[in-house]
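Presented below is the structure to which this report refers.
Letters A, B, ... are given to chains in the order of the sequence lines, protein chains preceding strands, and every chain is numbered from 1. Just so it is clear, the model here is predicted, and its values are computed rather than measured.
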Amino acid sequence: MALPTYTFDAIIIGAGGAGMRAALALAESGAQVALVSKVFPTRSHTVSAQGGITCALGNVHPDDWRWHMYDTVKGSDYIGDQDSIEYMCEVGPQVVYELEHMGLPFSRLDNGRIYQRPFGGQSKDFGGDQAARTCAAADRTGHALLHTLYQRNLAEKTNVFSEWFALDLVKAADGQGFAGVIAMNIESGEAVFLHARAIIFATGGAGRIYQSTTNALINTGDGIGMAIRAGLPVQDIEMWQFHPTGIAGAGVLVTEGCRGEGGYLINKNGERFMERYAPHAKDLASRDVVARAMSLELRGGNGYDINGVSCVKLKLDHLGAELINSRLPGIRELSITFAGVDPIREPIPVVPTCHYMMGGIPTNRFGQVINVDAKGKEEVLEGLYAVGECACVSVHGANRLGGNSLLDLVVFGRAAGLDVKEKIRDLPLKSVTEAELDAAMSRLNRWDNTREGESVSQIRFEMQKTMQEDFGVFRTGEHMQQGLDKLLQLQQRLNHAAFTDHSRVFNTSRIEALELDNLMATALATAHAALYRTESRGAHSREDFPKRDDAKWLTHTVYHGEGNRMSTRAVNMKPLHVKPFEPKERVY
Amino acid sequence: MSEAMRTVKFKIYRFNPEVDIKPSMKDYELTIPDKQDMMLLEAILRIKALDDSLAFRRSCREGVCGSDGMNINGRNGLACVTLLSSLKQPIELRPLPGLPVIRDLVVDMKVFFEQYAKVKPYLINNDPPPAKERLQSPAERKKLDGLYECILCACCSTSCPSFWWNPEKFIGPAGLLQAYRFIADSRDTAKVERLEGLTDPFSVFRCRGVMNCVEVCPKGLNPTRAIGHIRSELLAEGN
Amino acid sequence: MDKKRPVFLNLTKIRMPMAAIVSILHRASGFVLFLTIPYLLYLWLMSLSSAEGYDALQTALHGGVTQILVYLVLLALVYHWVAGIRHLLMDMGIGEEKVSGRRGAILVLAVVVILALLLGVWLW
Amino acid sequence: MVKSATSLTGNGVRDWLWQRVSAVILAVYTLFILGFIWLTPQLDYVAWFQFFQGIWVKLFTLLAALSLLTHTWVGMWTILTDYVKSTRLRLTFEILVIIALFLYFLVAIAIVWSV
């Protein structure tokens, strides 16, 4: 089968914050770039980010990027790569100023500088007082950021392949790396081969492996699935952040900025329970800490019961209507819509909800994908990049700090774009064989040729339920093993699943089937990695191994799709400009 | 103990260019627990689980991405923030009015995005940027409130009769809201050029103050007022 | 492919809010007034042509087709006038919000109904 | 920027302004005439005729006629460009409307002249 071929210098898959920042860096250089996105760019999940983007501007108090670095390393429970964290925190201010210059409508302080608010896990002077480091555009920072980046790309006339779905990587004829990707125009249903010197994955998260998630419906781990099928490893994929404040029942996110602005959590006795769990930082402890505390409260019977859902409440009413309307207007809107509660008058019912994938495709601090072979040998894949949530660069380690994901997106999206720009003339356009193209098309062909089988939605439902029940805030080996067994069965069933509508034009059930392949791959990787790490660290909290075990597990886990094998990879403890931060006990 | 159930009736606009010559309305019924309310999007997702040929767009499911704009019982809105209980049955779902239908509830938004792009929706400031941020007072920033929050769902423009009749010439409420978002930004230096590009009898002045845009905007924004501000600026500039 | 694409624009299926109805009627009344300009010119000429013409008009205005026609024309004029004032106020930024826009529209209809009644009382 | 040769001034701001100015004049003129009719105790042909003999009334009437021409043209042009999509048909209608409006205007002048 001859596929139509389009050739570019670089293709970027995903048009969220990371993909669009990378595209912008490249478009400004005059390179031929294709920005491929399965949704119109401003529909990407970055749009839902609320609270802000963290970096040490020092607008509210004297600040230092090293303090931000310290907090991030500590927040990561010490398995974040310190060279990457250093880079992110150091260039952060410059990258945020660039966004401001592009027109991002940040909220302002009285002196006209960018407004910064306190967020969880932030400290001054390496663990001192609470800092206010998160730059915000009210509580719509992600929206403001994503639209600004789209607008800049519009100005730079980036080629956007809007509503194109990437299927799989195509291996190069010589076996060295990848020559491009197969992508499908959703509108026509036709597949093409996108041939390029460089490929940047910016496909975002996969929170839809869980039943209850703050993630958009499009967060289906497409990059993770593609990477695993291409034989690439994924790293620290057991690390899933549960955000403390998802609206009970709806899963919609309520920003940590609410607590930054002075809100706090209460149990059914009206008690501000975080004072017991984190006497110093209280409600602004790290997210893993708060989510665990909430789960313990609910377990102890201290939760409210709202239509059968057990939850705690986020109290904001004491902040006053004016502050809520100016700093948290979007939260008020969401709370009224999804919880039927006006936070000016009543607290919002919340539960810990799956929010963020700390793990992903391992990369170095330029965004270059690192392959780890069976013997643990590492190799940088020239021309292949991963940025944003789908990547594990790794700045978040075992637990991401609030406000660090937007920073991650723009810092590493930009870094990858700049790196490609520099190398583009040296990167070859690799040749392909029919066999490799056919291999990359085989998945689509399998779906298209199956007329009868179990439905996609049924398998997806069971997978999400399994993940929710067995891989949540608290985990045990026994339950996880049961969960893994179930997932392996589901994977078998998925091989024979089918959709009934086989038309081409805008066939979203076809897309959903392809997405489920990616979700399943991510779920399986998560399950294997979670069973593998026999300790508790950051978001990975095992009741059968309640302690952190630095002797054995101060390391990344690496999942290899082939044979579902696990291995480890050393954490980078060598920042370039400062002394490394050594692991300490993590208290807030 | 079995829960009391109820049936919710739908009529959904269906058109698949590969099989249909013209669109038709198809009936659906969904059985849900009596007491349970849900967002319309959730209901449509359940319908899709029963009939996977139904096509619609969706992403964030919380009203910030702007994917699932559609005509719900005659009124444009986002399915994900519309409660089922607020709708009269049978719930009639149609694509956004005035745009070519690709399939079912999915419309071709090309002309809508072209009108958006026409207003140069990006900050223009050719002065060399300072080392830090460009300063902006809270009062100057406040002028952007009610403008920058647009999610490009197209509910407004596709409810606007002026946009129906002249989609290629009239920028439409969504585009004009963004035009004013940049005119109003204290950091933008291209106000005069921006205004000059809007003086013709169509781009702005097709607005007849019908106010359908204000009526349907799921974010509570007010394009009519923004258009009024643009007109005032045009008059003040003496164009 | 494009040519086959249908467009949903069935105006009987799209709900029009009050403000839209008031605005559309403004256009419709304006169009009616345009069509009746020659008739108004004719009546005006008649009224000024001679005392006989004036009296004939006076008589015609108290019964029959002329009375009804003139009433309808005046109704269109009153509507166009009142709704036009609303548009002028909106140009000044009054009644441009969702709630005030609805209220303004209802107010226009209420005023027109009252004026239509008064007009009827006056003509009959 | 959308080019348009057939609108009143070819410029949206001026079209808009003229439509508003003419609207205000017509609104006031309407009140003026109705006010005269209602407030004149013994309205008969003589009173009516004499009223239109007044130089200011004549001028105001001519101004109103001019405003009607302007106002109607902007309104009709908008209606035609909204609903008539065939350029040839629309141009035909536009010419017909212009001819009609000018004729009406001439008739109005003649009537005012005759008083």
Open item on the list: Consider side-chain contact (heavy atoms from CB on, under 4.5 Å). Of Leu45(B), Leu93(B), Ile47(B), which one does Leu54(B) pass it with?
Closed with: Ile47(B)
TODO: Answer yes when Asp185(B) and Arg194(B) have at least one side-chain N-carboxylate O distance shorter than 4.0 Å, and no when they do not.
DONE: no
TODO: Go through the atoms of Asp91(C) and report whether side chain, backbone, both or neither lie under 4.5 Å from a heavy atom of chain B.
DONE: both
Open item on the list: Is Ile21(C) close to chain B through its backbone or its side chain, or both, or neither, when contacts mean heavy atoms under 4.5 Å?
Closed with: neither
Task: Top of Asn71(B), Val107(B), Leu96(B) for chain C proximity - count of heavy-atom pairs under 4.5 angstrom - done: Asn71(B)
TODO: Side chain from CB out, backbone as N, CA, C, O: work out which of these in Arg231(B) comes under 4.5 Å of a heavy atom of chain C, or both, or neither.
DONE: side chain
- [ ] Give, for atom OG of Ser86(B) and atom CD1 of Ile91(B), the distance between the pair rounded to the nearest 0.5 Å.
- [x] 8.0 Å
- [ ] Run through Glu96(C), Glu97(C), Lys98(C) and flag the one making a side-chain contact (heavy atoms from CB on, under 4.5 Å) with Thr224(B).
- [x] Glu96(C)
Task: Value rounded to 0.5 Å, distance of CG in Leu45(C) from OH in Tyr42(C) - done: 8.5 Å
Open item on the list: If you count heavy-atom pairs within less than 4.5 Å of chain C, which of Arg103(B), Glu92(B), Arg94(B), Arg75(B) leads?
Closed with: Arg94(B)
Task: Best-contacting candidate, Asn212(B), Asp20(B), Asn73(B), against chain C by heavy atom pairs under 4.5 angstrom - done: Asn212(B)
Task: Contact class of Met16(C) relative to chain B, heavy atoms under 4.5 angstrom - done: side chain
Task: Winner by heavy-atom pair count (cut-off under 4.5 Å) against chain C, out of Thr158(B), Ile227(B), Ile102(B) - done: Ile102(B)
TODO: Indicate whether the side chain of Tyr54(C) and that of Gln58(C) have a donor and an acceptor atom separated by less than 3.5 Å.
DONE: yes
